[in-house]
Amino acid sequence: MADQTKNPAYVDQAVLAPDVPQQPPAAAVVKEPPQAETDEESVNQKPVEKALVEEDLSKHRCDYQENVLQSGSFKEESTRVVDLLDNEKKALQQLKQLVQEALNKHEFGGQQPEAPKEDDEKESSKEEAKDEAVIDDEPPKPETVAETNDAPVKEDSINLVETEVIEDKVATAAAGSDTVEDDGAKTVEAIEESIVSVSSSSAQPAAEAEAYVESEDERKGGKVEDKVVPPEEISIWGVPLLADERSDVILLKFLRARDFKVKEAFVMLKNTILWRKEFGIDELVEQDLGDDLNKVVFMHGFDKEGHPVCYNVFGEFRNKGLYQKKFSDEEKRQNFLRWRIQFLEKSIRKLDFRPGGICTIVQVNDLKNSPGTSKWELRQATKQALHLLQDNYPEFVARQVFINVPWWYLAVNKMINPFLTQRTKSKFVFAGPSKSADTLFRYITAEQVPVKYGGLSKGSEFATTETVTEITVKPAAKHTVEFPVTEVDRFSLVSSFGQWDPMYNAWGFGLLVQACLVRWEVRVIGWGVSYGAEFVPSGENSYAVIIQKARKVAASTEEPVVCDNFKVGEAGKVVLTIHNPSSKKKKLLYRFKSHPITSH
């Protein structure tokens with residue numbers, strides 16, 4: 001039992017139903033380290049725990065049929081922006097802004113456009129300039145340090161140079177003081193020319209640098225304006241992001257999965273898009289992965305609100321051949337995972353992502369004959385699939401219905417129930433074997449429920465759009481159902497197949513009688529009752545016709561649905577009689593239709 005508690009089968013198997021109840025990672029909770037127990041305490045504690053578990057299980061086993069856990073109180077939120085609360089509208093707008101910025105920057109994994117050669121040359125020149133700057137910063141010589149300092153230092157060095165030149169000129173003039181006055185005048189002019197040349201030579205590099213910077217900025221600005229990178233185009237489940245109002249419905253799923261925390265929703269969306277590219281979802285959808293698992297997972301009908309219904313039948317894995325074929329090694333488990341993702345993708349792409357449309361699925365999980373915890377390979381495969389579905393398919397389940405739940409499930413569910421969010425728990429519905437059909441009928445009409453689960457939906461002459469009537473037959477009572485027949489006994493003179501009669505040189509005419517063919521389907525959930533049918537004409541001088549003598553239909557019958565018909569030549573009614581001799585109520589389902597037939 002300890003192993004079942006740690007690794008309950010249903011937790012792993014629920015992967016086939018991607019409910020996505022995962023919460024964003026919460027802050028780490030610091031737990032006190034467990035204190036070491038003494039041998040005496042552990043010995044005393046184990047019998048007490050074992051006794052409590054056994055008592056709990058026995059209690060659930062006894063009350064199993066009556067106390068099956070029921071919930072299903074979840075009410076799906078609107079996908080129309082106008083119906084959102086103010087804070088939800090604000091969060092949606094903020095998320096759209098983050099998505100637009102990411103699309104502009106190609107942050108969703110798109111390929112950046114290649115830079116032109118001019119830009120490469122520009123980058124290389126910048127790197128060379130940086131290298132030169134690093135070399136200049138090294139102080140091997142005082143003059144170099146002075147040149148790399150700020151503007152005031154440069155002015156001091158220029159003045160120093162000018163002073164040295166003047167001093168040299170003055171010294172030269174003093175040495176030749178015995179010359180004439182004309183030589184003194186020439187000396188003064190030479191000094192002035194030297195000062196002017198030094199000043200002009202020091203100012204020229206600064207002017208050239210400013211002109212170079214201005215031309216670089218202008219040229220760079222022109223290039224940027226000429227080259228505008230278009231935003232990235234991303235589609236998810238066939239819906240282009242930010243292209244139309246369907247995108248809002250997609251973004252709302254991520255926001256609701258993260259309680260309208262914008263940044264967390266954006267991270268989840270970004271990770272989902274990157275995962276879809278790495279996993280190759282678009283290519284996977286087009287691949288042929290076989291139909292071996294069509295009885296394990298399949299779509300069938302719609303619920304009362306219009307959601308498509310997906311059935312997950314875990315009992316199929318009791319087939320050893322199928323199990324070995326799908327889970328015997330890692331490669332086969334990966335192929336199973338790819339098939340499951342492909343099936344989900346195809347189902348999701350058929351949904352209506354327009355505001356107000358049906359964009360979620362109802363999951364029905366059949367736990368009858370489930371392998372349980374004995375199949376390690378199945379647990380590993382479903383655990384891996386569970387993480388992928390939770391992380392990348394948010395808010396795609398409208399309701400999770402678990403049927404044919406084994407008795408031990410209630411005890412296990414009670415243990416993990418405190419760890420589930422209220423939103424997740426409100427989507428779950430559980431039913432034991434005797435309550436499974438009634439539970440399904442709460443959410444799905446009988447004409448949409450497969451025959452194997454108590455409904456009347458099968459490949460017959462009745463379509464899923466033809467309504468089924470549900471009636472409760474009381475214990476130890478008889479119930480009759482009447483089908484009125486009125487479209488009969490009509491006579492008309494019509495052309496006999498429109499053929500020319502050469503014997504009489506005229507068109508052939510005949511007297512045709514228009515009768516009626518009545519068809520019906522009937523079943524009682526669990527049967528264990530007797531069933532009979534007869535036709536009662538309306539005419540006073542007519543006699544009743546027995547269609548089916550009363551016969552008992554066993555509970556374990558291989559004929560879950562009785563399909564019958566009767567050709568009526570006069571007005572009257574077909575009467576079905578159901579006798580319930582048991583002490584329990586029975587659910588009766590039936591539907592009928594009639595259409596005229598013409599005969600000579």
Side-chain angles (χ1 to χ4, degrees), residues 10 17 60-75 300-307 309-315 362-370 397-407 409-410 413 425-458 462 464 466-477 479 481 521-529 531 553-557 559-562 576 578-591:
Y10 80 97
H60 284 295
R61 188 186 297 110
C62 295
D63 299 338
Y64 170 63
Q65 297 297 341
E66 299 297 331
N67 297 329
V68 175
L69 181 61
Q70 296 286 348
S71 181
S73 59
F74 175 75
K75 184 177 181 181
H300 189 100
F302 302 86
D303 74 343
K304 294 179 179 179
E305 297 177 355
H307 300 95
V309 182
C310 177
Y311 290 84
N312 306 282
V313 188
F314 299 103
V362 170
Q363 295 279 353
V364 177
N365 307 284
D366 182 9
L367 301 183
K368 184 178 181 180
N369 296 326
S370 173
V397 175
R399 184 169 284 106
Q400 289 272 21
V401 182
F402 294 84
I403 60 175
N404 296 315
V405 178
W407 63 266
Y409 176 85
L410 298 179
N413 181 77
K425 290 187 288 187
S426 67
K427 293 183 179 182
F428 284 4
V429 180
F430 307 101
S434 64
K435 301 292 184 181
S436 293
D438 289 336
T439 301
L440 288 178
F441 295 153
R442 287 172 53 192
Y443 308 104
I444 310 170
T445 58
E447 60 267 21
Q448 298 282 348
V449 176
V451 170
K452 67 178 296 184
Y453 295 121
L456 292 181
S457 178
K458 64 175 186 175
F462 287 86
T464 56
E466 294 177 289
T467 307
V468 173
T469 302
E470 301 179 24
I471 295 177
T472 300
V473 181
K474 297 180 180 180
H479 188 88
V481 178
E521 291 182 340
V522 61
R523 81 173 298 175
V524 177
I525 306 300
W527 286 101
V529 302
Y531 157 76
V553 184
S556 59
T557 181
E559 186 184 15
V561 180
V562 172
L576 308 182
I578 305 296
H579 179 212
N580 179 20
S582 68
S583 59
K584 296 182 179 180
K585 295 184 294 184
K586 298 285 185 176
K587 177 78 72 175
L588 168 64
L589 308 175
Y590 70 89
R591 58 181 170 179

Which atom of [X] lies closest to which atom of [Y], heavy atoms considered:
X	Y	value
K435	T439	O-OG1, 2.7 Å
K427	V397	NZ-O, 3.2 Å
G454	I525	O-CD1, 3.2 Å
L367	F402	CD1-CD2, 4.2 Å
H300	Q448	CD2-O, 3.4 Å
D303	H307	OD1-N, 2.6 Å

With rounding to the nearest 0.5 angstrom, report the [atom1] to [atom2] distance, [X] to [Y].
X	Y	atom1	atom2	value
Q363	Y311	CD	OH	11.0 Å
E470	Y590	CD	OH	11.0 Å
S426	Q400	OG	CD	11.5 Å
D366	L440	CG	CG	9.0 Å

Keeping the roles fixed (side chain from [X], backbone from [Y]), state whether a donor-acceptor pair exists under 3.5 Å.
X	Y	result
K586	W527	yes
N580	K474	yes
S436	N404	yes
E447	T467	no
R523	G455	yes
K304	F441	yes

Legend entry - NZ/K587: more than 12 non-hydrogen atoms of other groups inside 6.0 Å: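 For K587, atom NZ is crowded (more than 12 foreign heavy atoms under 6.0 Å).
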Inset, instruction - Decide if atom NZ of K585 counts as having more than 12 heavy atoms of other residues, nucleotides or ligands within a radius under 6.0 Å. - result: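 Not buried by this count: 12 neighbours or fewer within 6.0 Å.
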Inset, instruction - Check the pair Y453 / V364 against side-chain contact (heavy atoms from CB on, under 4.5 Å), numbers first and verdict last. - result: CA-CA 10 Å; Y453 295 121; V364 177; 5.7 Å; no
Inset, instruction - Determine the sole option in L588, V524, V562 for which the side chain to side chain contact (heavy atoms under 4.5 Å, CB included) test with Y531 is passed. - result: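 Among the candidates, only V562 passes.
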Inset, instruction - Apply the side chain to side chain contact (heavy atoms under 4.5 Å, CB included) test between L589 and each candidate in I471, V561, T469, L456; give the one that qualifies. - result: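 Passing option: L456.
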Legend entry - Stepwise side-chain contact (heavy atoms from CB on, under 4.5 Å) check, V309 with I444: CA-CA 9 Å; V309 182; I444 310 170; 4.0 Å; yes
